[in-house]
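Heads up, the thing below is written out as structure tokens.
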Amino acid sequence: MTFKDLFDAYKQTTEDRVLLLYRGEMDQDTLIDLGSTLKSRLGGDKKSKNIFAVFVELAHNLLHHSAERIQNEAGENIGTGIIIVRERDDYFSIESGNLVNKEAVASLEASCHEVMTLDKERLRALFLERRKNSSLRSTGAGLGLIVVARKADYPPHFAFHSFDDRYSFFTVSVRFRKGE
Amino acid sequence: MKLEPFYITGKKDTLAVRLDPQTGRMSFEGESYPENALEFFAPITKWIQAYMSEVKGAIVADFKLQYFNSSSSKCLLDIFELLENHFRQGHSVVVNWHYQEDDEDIEESGRDFAEDLSLQINMIAYE
């Protein structure tokens, strides 16, 4: 990175009112630290609890499901990715991104589509049904995605970009209305 | 072998848990979003099952949570299902769900658990 690139990144993140930006391995200690930082930056905002809840689900998604993984010092296998929280005049946003295996895209896309199209009452019903009837051993039972959609003020956006022959880049984008 | 009391100190991402075999009181307090919820809750459910089969006594369970993530929610439901089962077998089981009075999310999640169970959950607001 040149000084010019760094200055551009600084200007861009300032303009975007970035509250939090992290790219790297999301181990549990990192999640706890970033979560505390996020809470304090959101101050007493009424949406703070919902934003924190979505942050935790997205960060755990990186930790457990990212296809880009590293071994940490303790020998644990940790997922890596990127997560950004921004503030705008009338909303907060959280975006997260991570690599997924191309073979996994179709089923993930179907789960995303499902939660995108349901209203709050149906999301609640789906959450209760999945919580009762599925096992956590099957990779979190997909409960996290439903929670993300339940806590958000708008339907979440999902996208997949081809990264190379093996991987796609999966992004989740969630917004929260301010001033309620 | 006698069932020993079970205590875990709360951390930022895990609950403070106290399980007392003498009184049958069980309490869960704090926030829960561990890396692996199954791993965290496994010894707790194991203890509760041991209490139910060995002590076979009454239970008063207090839940005072401020936040829990989706996989913790599944593990909490597992605990409630154990409690419900104990109740169905004719034991006294009282479950108290404490929520801060303006915390609608925690209040609603208590009602969500109640909806899934035949066991009554007492909703208790605190300031």
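Quick note on labels: first sequence line is chain A, next is B, and so on, each numbered from 1. Quantities reported herein were computed from a predicted structural model and do not represent experimental measurements.
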Pairing of [X] and [Y] as salt bridge, 4.0 angstrom limit:
{"X": "A/Asp33", "Y": "B/Lys12", "value": "no"}
{"X": "A/Glu57", "Y": "A/Lys151", "value": "no"}
{"X": "B/Asp116", "Y": "A/Arg131", "value": "yes"}
{"X": "A/Glu121", "Y": "A/Arg124", "value": "yes"}

Give, as side chain, backbone, both or neither, the part of [X] having an atom under 4.5 angstrom from any heavy atom of chain A.
{"X": "B/Phe113", "value": "both"}
{"X": "B/Tyr33", "value": "both"}
{"X": "B/Asp78", "value": "neither"}
{"X": "B/Leu117", "value": "neither"}

B/Lys64 charged N/C atom sitting above B/Tyr126 aromatic ring, 6.0 Å / 45° | yes
B/Leu77, B/Asp13, B/Asp112: which one forms the most heavy-atom pairs within less than 4.5 Å of chain A?
-> B/Asp112
Highest number of heavy-atom pairs under 4.5 Å with chain B: which of A/Leu31, A/Leu63, A/Asp27?
-> A/Leu63
